[in-house]
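Shown next, in structure tokens, is the structure this report addresses.
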Amino acid sequence: MSFKLEKVDQNTNARAGVLETGHGLVQTPIFMPVGTVGSVKAVDFTFLKEDIKAKIILGNTYHLYLRPGIDIIEKAGGLHKFNTWDGPILTDSGGYQVFSLSANRKLSEEGAMFKSHIDGSKHLFTPENVVEIQRSIGSDIMMALDECTPYPCEYDYAKKSMEMTHRWLDRGFTHYKNTQPKYGFNQHYFPIVQGSVFENLRKESAKVISSYDAAGYAIGGLSVGEPHHMMYDMIDVVNDILPKEKPRYLMGVGTPENIIEGIARGVDMFDCVMPTRNGRNGMLFTSEGIINIKNKKWEDDFSPIDPNGTSYVDYKYSKAYLRHLIHSNEYLGPQIASIHNLAFYLELVRQARQKIIDGDFNQWKNAILPKLKQRL
RNA sequence: GGGGAGAUACCAAAGUGGCCAACUGGGGCAGACUGUAACUCUGCUGUCUUAUGACUUCGGAGGUUCGAAUCCUCCUCUCCCCA
């Protein structure tokens, strides 16, 4: 995979680049919709591609391994064939499930032993077999197995955890080098920086991770409940060390504001469930501000969902109608909300990229930020 | 015409002498959600701007009792069965 930096902003660390994958080019900065079980919840792939203009999406190793199972995905010829998404796919390793399903797993040096949330069966995820599984899924970008630590986190625990994540990385990377893609296109392997909210740990982790000749590098363990300023500080610390010529991926982030702040700090790739999950729950990110569409005040507001929106749904449907759908628990409601939010996120990063190239990113950022945060 | 059952908050529905301003659903109103166990979860939902506080409530009117949504009398209404 090659990554070409096209422009670096003069006032911030924002970058515009192009990522080349076995499934096409991705202009960065980019937001990647999350498709955990091989589907971006409530959004048809045709819409995802043509209306939302998503370029790369996520899948999840843990979830896809449990269901439908790796044998099925292999029989299908990989996840791209299975779900019809022909753009790049990045798969998370299950490291986030180490955090989110912490009650169902035990960690050891060997790996993470999970008790399936579906049927209670036990499954060991190791740095090595997680590479194998992602080979079988056929993701364009495979993530290293890591431990995403919670917040707050004791320093001693964060340090030990980070060190184990580093050892896991070494095993995983070796295994990655010793195995081949299964479907005729290159697969890449991203290491992940950990270290919780401790500057010295983050620095150490960034250095260790940078010593691996990877196609890109990820920042994990953030947006797990820490204050925003801490997250931003950690991004600064880490990006100061990570190789400039490689893409940086900030895992699981975030709100539109978080993403703009991340871009300003030199992050190239983002993913988050927020546009889809919060959308399903009635939260809309719009050019005018944040809307809780369930609120009574939208009951008779027949204006478009977003008058400046780029999606078909933005001018097709009114706020009042969407509110009615969500209130009535109609399937169409979460669909429209998810499509709108994703389109908004993708348009946001497209604009950011254009502003970086035009050289007025910082101005634009300062102008747009208050609106992104504003609650309507 | 005869026999039976019942009326509780926006709706449904518990409660049958004090622990009842009243269980639980639904609805309504608000909040949360960041590498997705999530179309999920949390709070509030008689009135009083706040309450470990006050006041008014369980079809209506009387009554019994220290005390009634709960017991008694009458009234009004609803539903079911038989003619």
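Reminder, nothing fancy here: chain letters follow the sequence lines and each chain counts from 1.
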| said: Both distances below 3.5 Å, Watson-Crick or wobble geometry, any strand: find the nucleotide opposite G1(B). | reply: C82(B)
| query | What integer number of Å spans the C1' atoms of A68(B) and U8(B)? | reply | 14 Å
| said: Need one value for Q97(A): base, sugar-phosphate or nothing, where a base atom within 4.0 Å counts as base even if backbone is also close, heavy atoms only. | reply: sugar-phosphate
| request: Give T276(A) one of three labels, base, sugar-phosphate or nothing, depending on what nucleic acid heavy atoms sit under 4.0 Å from its own. | output: base
| message | Base, sugar-phosphate or nothing for I192(A)? Non-hydrogen atoms, less than 4.0 Å. | response | base
| query | Between G35(B) atom C1' and I141(A) atom CD1, what is the distance in whole Å? | reply | 13 Å
| Would D300(A) and R323(A) count as a salt bridge (charged side-chain N to carboxylate O under 4.0 Å, His left out) if you check the C-alpha gap in whole Å, the side-chain angles of each, and the deciding distance to 0.1 Å? | CA-CA 9 Å; D300(A) 60 352; R323(A) 177 181 193 272; over 6 Å; no
| For L342(A) and U36(B), what is the distance between atoms CG and C1' respectively, to the nearest whole Å? | 13 Å
| said: Taking any heavy-atom pair under 4.0 Å as a contact, classify G221(A): base, sugar-phosphate, or nothing. | reply: base
| request: Please determine, for U57(B), whether a Watson-Crick or G-U wobble partner exists with both distances under 3.5 Å, and give it or none. | output: none
| field | Sugar-phosphate only, base, or nothing, as touched by D146(A) at under 4.0 Å among non-hydrogen atoms | value | base
| query | Counting any heavy atom closer than 4.0 Å, what does N281(A) reach on the DNA or RNA strands: base, sugar-phosphate only, or nothing? | reply | base
| field | Selection from A38(B), C33(B), U34(B) that lies nearest to any side-chain heavy atom of N278(A) | value | C33(B)
| task | Can you tell me, in whole Å, how much space there is between the P of C77(B) and that of G25(B)? | result | 36 Å
| note | Rounded to whole Å, the NZ-P distance (K294(A) to G31(B)) equals 10 Å
| said: If the cut-off is 4.0 Å, is H327(A) near the phosphate of C29(B), judged by side-chain N/O to OP1 or OP2? | reply: yes
| said: Please name the nucleotide paired to A7(B) by Watson-Crick or G-U wobble geometry with both distances under 3.5 Å, or report none. | reply: U76(B)
| query | Do D170(A) and Y212(A) get their side chains close enough for a donor-acceptor pair, meaning under 3.5 Å? | reply | yes
| query | With ring centroids as reference points, do H324(A) and Y317(A) lie under 6.0 angstrom apart? | reply | no
| message | If the cut-off is 4.0 Å, is N295(A) near the phosphate of G31(B), judged by side-chain N/O to OP1 or OP2? | response | yes
| Between G35(B) (C1') and I57(A) (CD1): distance, integer Å | 14 Å
| message | Whole angstroms only, please: what is the CD1-C1' distance between I339(A) and C39(B)? | response | 14 Å
| query | Would Y65(A) and F125(A) count as a close aromatic pair, with their ring centres under 6.0 Å? | reply | yes
| query | So, is T36(A) close to the G35(B) phosphate, meaning a side-chain N or O under 4.0 Å from OP1 or OP2? | reply | no
| query | Do the side chain of H228(A) and the base of U34(B) come within less than 3.5 angstrom through a donor-acceptor pair of N or O atoms? | reply | yes
| query | Got F361(A) and T12(A) here, is their nearest side-chain heavy-atom distance under 4.5 Å? | reply | yes
| message | Could you identify the nucleotide paired to U52(B), looking across every strand shown and requiring Watson-Crick or G-U wobble geometry with both distances under 3.5 Å? | response | none
| Given atom CG of L145(A) and atom P of G35(B), what is their separation to the nearest angstrom? | 17 Å
| Any side-chain donor near an acceptor of the partner, D306(A) and S287(A), under 3.5 Å | yes
| said: OP1 or OP2 of A37(B) versus the side-chain N and O atoms of R105(A): is any pair under 4.0 Å? | reply: no
| field | Nearest-angstrom distance, P atom, A9(B) to G59(B) | value | 8 Å
| request: Assign R323(A) to base, sugar-phosphate, or nothing according to its heavy-atom contacts below 4.0 angstrom with the strands shown. | output: sugar-phosphate
| message | Would you measure the distance from the P atom in A69(B) across to the matching atom in U34(B) and give it in whole Å? | response | 47 Å
| Selected nucleotide, minimal atom distance to R280(A) side chain, candidates A38(B), G35(B), U34(B) | A38(B)
| remark: For A32(B), the nucleotide meeting Watson-Crick or G-U wobble distances (both under 3.5 Å) is U40(B)
| request: Establish, with yes or no, whether the OP1 or OP2 oxygen of U34(B) is under 4.0 angstrom from a side-chain nitrogen or oxygen of R277(A). | output: yes
| query | When the P atoms of U16(B) and U50(B) are considered, how many whole Å apart are they? | reply | 32 Å
| task | Determine the contact category for N104(A): base if any of its heavy atoms lies under 4.0 Å from a base atom, sugar-phosphate if only primed atoms, P, OP1 or OP2 are that close, otherwise nothing. | result | base
| query | Any side-chain donor paired with an acceptor under 3.5 Å for T165(A) and E147(A)? | reply | no
| When all nucleic acid strands are considered with a 4.0 Å heavy-atom cut-off, which category describes R67(A): base, sugar-phosphate, or nothing? | nothing
| said: When the C1' atoms of C72(B) and C79(B) are compared, how many Å lie between them, rounded to an integer? | reply: 25 Å
| query | With respect to the side chain of K296(A), which nucleotide from G35(B), A30(B), U34(B) is positioned closest? | reply | A30(B)
| said: Taking the C1' atom in each of A12(B) and G6(B), what is the distance between them to the nearest angstrom? | reply: 15 Å
| request: Taking the side chain as every heavy atom from C-beta outward, state whether S196(A) and E226(A) have any atom pair closer than 4.5 Å. | output: no
| query | At under 4.0 Å between heavy atoms, what does Y331(A) touch on the DNA or RNA strands: base, sugar-phosphate, or nothing? | reply | base
| field | P-based separation of A21(B) from A38(B) [nearest Å] | value | 42 Å
| task | Rounded to the nearest angstrom, tell me the gap between atom CD in E261(A) and atom P in U34(B). | result | 19 Å
| message | From CD of E226(A) over to C1' of C33(B), roughly how many Å is that when rounded to an integer? | response | 15 Å
| field | Donor on one side chain, acceptor on other, H175(A) and Y189(A), under 3.5 Å | value | no
| note | Result for 5'-nearest mapping on RNA chain B, choosing between M283(A) and L101(A), is M283(A)
| query | Which of these nucleotides, U34(B), U36(B), G35(B), is closest to any side-chain atom of C148(A)? | reply | G35(B)
| note | Paired to U70(B) by Watson-Crick or G-U wobble criteria (both distances under 3.5 Å) is none
